[in-house]
Amino acid sequence: FRIQSFQIEPVRAMPVNNSPLICKLSDEECLTQVQADFDRLKVVDNFARVAQKVRAVSANCTTLVCELVVEDGHLNRGGTLHGGFSATLIDIITSRAIGISVGMSKPRATIELSASYLLPVRAGEKVIMTATVLQVGHSMAFAEVEFKKEDGKIAVKGKQTMAIF
């Protein structure tokens, strides 16, 4: 038998409540909104503070691109990007991407989160994190994120399912 390879393209987010996405913002407005949200994380005392060094690079109604230069405080005992740290970033970044799609003030909660660790990342390396909203429904949304090293290789891949209230 023969196996054919194919590329799965990201799907644009589906309508909420059978109407167009709540997001009616320009790309610039999406980015400004997310940057303001990340700026608020710089002064919080809760666990979201782990994203204080994340910088939003670009955003639109279904995609969010962020970057982070990995520092010593982001590492595990083996000297590579800590799995719990990157799982938290998966949660924070996909949540922000979904928030742009449905409205940042709309309450949401993580239902399921997964992470696959493909390559180690060391201190001083930059990771580019691209979150894509796959689908938005009446009460749930689905997103994925890839953490790529500067050479384009995927270091971490994550998925999130969120409840929308």
Side-chain angles (χ1 to χ4, degrees), residues 7-13 21 23 25-44 46-76 78-104 106 108-136 141-162 164:
Q7 180 80 17
I8 298 175
E9 295 295 322
V11 178
R12 298 287 289 181
L21 286 171
C23 179
L25 305 173
S26 69
D27 293 1
E28 184 178 311
E29 291 168 323
C30 289
L31 181 58
T32 299
Q33 193 175 69
V34 172
Q35 284 174 329
D37 194 51
F38 277 113
D39 286 344
R40 283 189 288 278
L41 294 180
K42 292 177 181 175
V43 295
V44 299
N46 61 33
F47 198 67
R49 71 186 179 280
V50 301
Q52 290 174 339
K53 304 272 177 115
V54 172
R55 188 174 76 82
V57 176
S58 68
N60 62 42
C61 289
T62 58
T63 305
L64 171 60
V65 179
C66 300
E67 65 182 19
L68 171 73
V69 176
V70 176
E71 298 177 355
D72 289 340
H74 305 140
L75 305 179
N76 59 26
T80 61
L81 185 63
H82 192 284
F85 177 78
S86 52
T88 302
L89 291 182
I90 290 168
D91 187 39
I92 290 171
I93 293 168
T94 55
S95 175
R96 280 8 179 228
I98 291 168
I100 294 168
S101 293
V102 301
M104 290 297 264
K106 193 126 176 119
R108 346 178 256 294
T110 302
I111 294 174
E112 184 175 24
L113 183 83
S114 68
S116 297
Y117 304 99
L118 307 171
L119 291 173
V121 181
R122 302 195 186 288
E125 290 187 279
K126 183 191 294 185
V127 288
I128 309 300
M129 300 162 283
T130 304
T132 305
V133 178
L134 302 172
Q135 177 129 2
V136 175
F142 304 86
E144 66 182 9
V145 63
E146 289 183 342
F147 291 32
K148 289 186 179 179
K149 298 171 82 164
E150 288 188 278
D151 63 5
K153 293 181 181 175
I154 299 172
V156 179
K157 185 150 177 96
K159 293 191 296 186
Q160 163 139 237
T161 303
M162 293 200 90
I164 304 168

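Starting from 1, each residue takes its place in the sequence as its number. Note that the coordinates shown come from a computational prediction; the quantities given were computed from them, not determined experimentally.
Rounding to the nearest 0.5 angstrom, the gap separating the CG atom in L25 from the CG atom in D27 is 9.5 Å. Note that CG of L134 is 9.0 Å distant from NZ of K159, once rounded to the nearest 0.5 Å. The distance from the CG atom of D37 to the CD1 atom of I92 is 9.5 Å, given to the nearest 0.5 Å. T80 contributes atom OG1, which lies 10.5 Å from atom OH of Y117 (distance to the nearest 0.5 angstrom). The line from CZ of R55 to CD1 of I128 is 8.5 Å long, rounded to the nearest 0.5 Å. Atoms CD1 and CE, on I93 and M129 in that order, are 4.0 Å from each other to the nearest 0.5 Å.
Around atom NZ of K157, more than 12 heavy atoms belonging to other residues, nucleotides or ligands sit under 6.0 Å away. By the 6.0 Å contact criterion, CG on D72 is open, its count of non-hydrogen atoms from other residues, nucleotides or ligands being 12 or less.
Residues K148 and E146 come closest through the heavy atom pair CE-OE1, 3.2 Å. When every heavy atom of A56 is checked against every heavy atom of F38, the shortest pair comes out as CB-CD1, 4.2 Å. For R40 against V44, the heavy-atom pair with the smallest separation is O-CG1, 3.3 Å. Scanning all heavy atoms of the two residues, the minimum distance from G124 to V69 falls at O-CG1, 4.0 Å. For the residue pair I100 and N60, the shortest heavy atom distance occurs at CG2-O, 3.4 Å. Residues K53 and E71 come closest through the heavy atom pair NZ-OE1, 2.9 Å.
Side-chain N or O atoms of R108 include one that pairs as donor or acceptor with a backbone N or O of S95 at under 3.5 Å. Under the 3.5 Å distance criterion, the side-chain polar atoms of R122 are left unmatched by any main-chain donor or acceptor of P120. Looking only at distances, no side-chain donor or acceptor of D91 sits under 3.5 Å from a matching main-chain atom of T94. Of the possible donor and acceptor atoms, none in the side chain of T63 sits under 3.5 Å from a partner among the backbone N and O of A59.
Side chains of L31 and E28 form no contact here, defined as non-hydrogen atoms less than 4.5 Å apart. At least one side-chain heavy atom of F147 sits under 4.5 Å from a side-chain heavy atom of I90. Taking the side chain as every heavy atom from C-beta outward, H74 and V121 never approach each other to under 4.5 Å. Contact annotation: the side chain of V127 never approaches that of V156 to less than 4.5 Å [non-hydrogen atoms, C-beta and beyond]. Taking 4.5 Å as the limit, every side-chain heavy atom of H82 sits out of range of all side-chain heavy atoms of V50.
The SG atoms of C30 and C61 lie 2.5 Å or more from each other.
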- [ ] Evaluate the side chain to side chain contact (heavy atoms under 4.5 Å, CB included) criterion for residues T110 and Q160: first the C-alpha distance (whole Å), next the side-chain angles of each, then the deciding distance (0.1 Å), finally the verdict.
- [x] CA-CA 7 Å; T110 302; Q160 163 139 237; 2.6 Å; yes
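Applying side chain to side chain contact (heavy atoms under 4.5 Å, CB included) to E67 and the options V54, T130, V57 leaves one that passes, V57.
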